[in-house]
Amino acid sequence: MGTSEEPRRITMTPAARRALAAAGRLFYDRGIHAVGVDLIAAEAGVTKKTLYDRFGSKEQVVVEYLADRDERWRAFLAGRLDAAPPAPRARILAVFDASRDWMSDHGSKGCSMVNAHAEISDSSHPAHAVITGQKQWMLDLFTRLARDVEGLGPDAADRLGRTLMLLHEGALVAHGLKVFPGPVAHAREEADALLSVATGR
């Protein structure tokens with residue numbers, strides 16, 4: 001997840017997968033603290049004992065929920081980057097396009113990591129490493145892409161990577177808050193303008 005200490009993961013059984021699917025829907029729609037293991041078990045059609053046997057704790061269910069969502073996002077984004085033209089500018093803008101489409105299909109309430117962090121700020125919580133690791137991964141991605149932009153030195157590329165991430169993450173928050181329409185598309189336009197300034201084109 002991009003951190004020095006990886007969170008513990010469990011081996012998924014069919015019952016665990018059903019519980020995880022139910023937990024994912026409930027956590028995202030209602031919030032982590034608002035959803036108890038009784039409701040997750042009922043929604044998944046498993047017993048509370050089965051849920052604890054598989055996961056051990058609600059904390060571990062949260063870890064698996066966030067890690068699973070992160071893995072699915074990374075796979076989705078990888079497909080979009082593979083399909084994008086090779087030019088660095090096109091690949092950077094493809095991240096924003098991917099986020100726009102992901103949010104349309106999977107993110108009506110905004111970024112699951114940001115939402116989870118609003119409820120889990122304690123760094124000792126096992127899910128905290130998943131949340132911060134995902135954001136570090138996004139920063140690393142934008143920085144790598146920025147370093148491929150022709151004519152930028154290392155310091156300028158690192159600064160561009162941080163700025164692109166701020167645009168991206170701010171758009172995800174604005175999408176969840178629904179304060180104005182199309183924030184990810186707007187962030188893409190601003191990223192494109194920023195790249196024009198950075199490259200002189």
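Keep in mind that the numbers below use all heavy atoms, side chains included, and drop hydrogens, waters and symmetry copies.
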Distance-only, no hydrogens or angles: does the Lys135 side chain make a donor-acceptor pair with backbone N or O of Val114 under 3.5 Å? no
Hey, is the main chain of Asp192 close enough, under 3.5 Å, to the side chain of Arg89 for a donor-acceptor pair? yes
Is a side-chain donor or acceptor of His117 paired with a backbone partner of Ile131 at a separation under 3.5 angstrom? no
Parallel, tilted or perpendicular: which one describes the rings of Phe96 and Phe142, with boundaries at 30° and 60°? tilted
Report the C-alpha separation of Asp148 and Arg144 in whole Å, then their side-chain angles, then the decisive distance to 0.1 Å, and conclude whether the salt bridge (Lys or Arg N to Asp or Glu O under 4.0 Å) test is met. CA-CA 7 Å; Asp148 289 336; Arg144 288 196 306 274; over 6 Å; no
Tightest non-hydrogen contact, residues Ile40 and Ala19, listed as CG2-O, 3.7 Å
Heavy-atom donor-acceptor pair, Tyr52 side chain to Thr47 backbone, under 3.5 Å: no
With the threshold set at 4.0 Å, does a side-chain nitrogen-carboxylate oxygen contact exist between Asp53 and Lys49? yes
Between Leu66 and Ala127, which heavy-atom pair has the shortest distance, and what is it? CD1-CB, 3.9 Å
For Phe55 versus Gln60, what's the shortest heavy-atom pair and its separation? O-CB, 3.2 Å
Shortest non-hydrogen contact between Trp73 and Gln134, atoms and distance: CD1-NE2, 3.4 Å
Both conditions, 6.0 Å and 45 degrees, for the charged tip of Arg69 above the ring of Phe27: are they met here? no
Do you see a donor-acceptor pair shorter than 3.5 Å between the side chains of Asp140 and Gln136? yes
